[in-house]
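Heavy atoms only: backbone and side chains are in, while hydrogens, waters and symmetry mates are out.
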Amino acid sequence: MFRNVISPRIVKPLSAHTPVRAFSSASVLQRNYKYQHILTETRGNVGLITLNRPKALNALCNDLFTEVNEAMAKYDADANVGAIVLTGSEKAFAAGADIKEMKDNNFVDTYKKDMLGHWAKISDVKKPIIAAVNGYALGGGCELAMSCDIIYAGEKAVFGQPEIKLGIIPGAGGTQRLVKAVGKSKAMEMVLTGSVNLNATEAENLGLVSKVVPADQLVDEAIKTAGKIASMSQGSVQMAKELINKSFEVPLSSGLRFERVLFQSLFGTADQKEGMAAFAEKRKANFTNQ
């Protein structure tokens, strides 16, 4: 939720024709040009959403987030898509929320309109989401990355929660998800000082990030992993995602019971029969998501 800690240099916009490595043009099944602040593509069985406000370092204005939610919902409903990748530019994943848009708000208005409430919709997406973070992920940008299921970082990525410098606090998960990712002490230091940022290596060592890769390989690597996930049985993948998220919300005994019931339920699926038959026959499983 903060973006003016860095120089607002203009970044060359991504165009609809920007090539992405490791995929031929024939593998791009769909492009969507109707959005104002994001770009969307479907690559094989992976949906790719690219934040595209380069002059504002991908600051998260209300309209941008509305578009992200819409694109996420469409990919979630698309039977041909098994996982989603969310990324920005090499300069900035998202340098925070749009301060100019919110600076004149008052309490009554923000409360009545449930300001930032629509940011939580990303948590309702059933399919796994990988955040591919290059450059700055500050404030709301860090919170957006943390709301995804896996974070891959380019080697020059920077994560931080500098909202305290504006006289506010993180409002979209920064005081909640960050603690679970990096621990209480480091989260306190980052949030209360607003000046302690994590580079990519630090973020990986603390558990905030799953993998650090060269910046020019980041999106390819994220799509590769997303494709691997999407090749599995979607029912199993979505249940596993739900269970892992549930582990942060319920006691261990309740989580274990929930896990066991969903495990048992998968024995009523065709994919379980196929997966175990393929293992016994020493061949690759051909899942049909049934």
Participant: Same cluster for Val182 and Val179 if Ile/Leu/Val/Met/Phe/Trp/Tyr side chains link at under 4.5 Å?
Facilitator: no
Participant: Apply side chain to side chain donor-acceptor pair (under 3.5 Å) to Ser123 and Arg177, showing your working.
Facilitator: CA-CA 12 Å; Ser123 299; Arg177 292 190 175 99; 2.9 Å; yes
Participant: Identify the two heavy atoms, one from Ala200 and one from Gly154, that lie closest to each other, and give their separation to 0.1 Å.
Facilitator: CB-O, 3.3 Å
Participant: Does Glu274 pair with Lys284 as a salt bridge, N-O distance under 4.0 Å?
Facilitator: no
Participant: Got more than 12 heavy atoms from elsewhere within 6.0 Å of NZ, Lys156?
Facilitator: no
Participant: Taking everything shown except Met188 itself, do over 12 heavy atoms lie less than 6.0 Å from its CE?
Facilitator: no
Participant: Report whether Met102 and Leu51 are members of the same hydrophobic cluster (ILVMFWY, side-chain heavy atoms less than 4.5 Å apart, transitive linking).
Facilitator: yes
Participant: Within the structure provided, determine whether Leu198 and Leu206 are in side-chain contact (heavy-atom separation under 4.5 Å).
Facilitator: yes
Participant: Would you say Asn199's side chain and Val158's backbone share a donor-acceptor pair under 3.5 angstrom?
Facilitator: no
Participant: Salt bridge or not for Lys246 and Glu242, using N-O below 4.0 Å?
Facilitator: no
Participant: Using side chain to side chain donor-acceptor pair (under 3.5 Å), reason through Asn58 and His37 one step at a time and then give a plain yes or no.
Facilitator: CA-CA 8 Å; Asn58 291 331; His37 300 302; over 6 Å; no
Participant: Checking Lys241 side chain against Lys127 main chain: does a donor-acceptor pair fall under 3.5 Å?
Facilitator: yes
Participant: May I have the step-by-step check of side chain to side chain contact (heavy atoms under 4.5 Å, CB included) for Ile38 and Glu67, ending in yes or no?
Facilitator: CA-CA 7 Å; Ile38 65 173; Glu67 291 179 359; 3.8 Å; yes
Participant: Using 4.0 Å as the upper bound for N to carboxylate O, is an ion pair formed by Lys211 and Glu221?
Facilitator: yes
Participant: Answer yes or no: does atom NZ of Lys273 have more than 12 heavy-atom neighbours from other residues, nucleotides or ligands under 6.0 Å?
Facilitator: yes
Participant: Same hydrophobic cluster for Ile168 and Trp119, using side-chain heavy-atom links shorter than 4.5 Å among ILVMFWY?
Facilitator: yes
Participant: Considering only NZ, NE, NH1 and NH2 on the basic side and carboxylate oxygens on the acidic side, decide whether Glu202 and Lys186 come within less than 4.0 Å.
Facilitator: no
Participant: Evaluate side chain to side chain contact (heavy atoms under 4.5 Å, CB included) for Ile164 paired with Thr193, printing each intermediate quantity in order.
Facilitator: CA-CA 7 Å; Ile164 203 78; Thr193 69; 5.9 Å; no
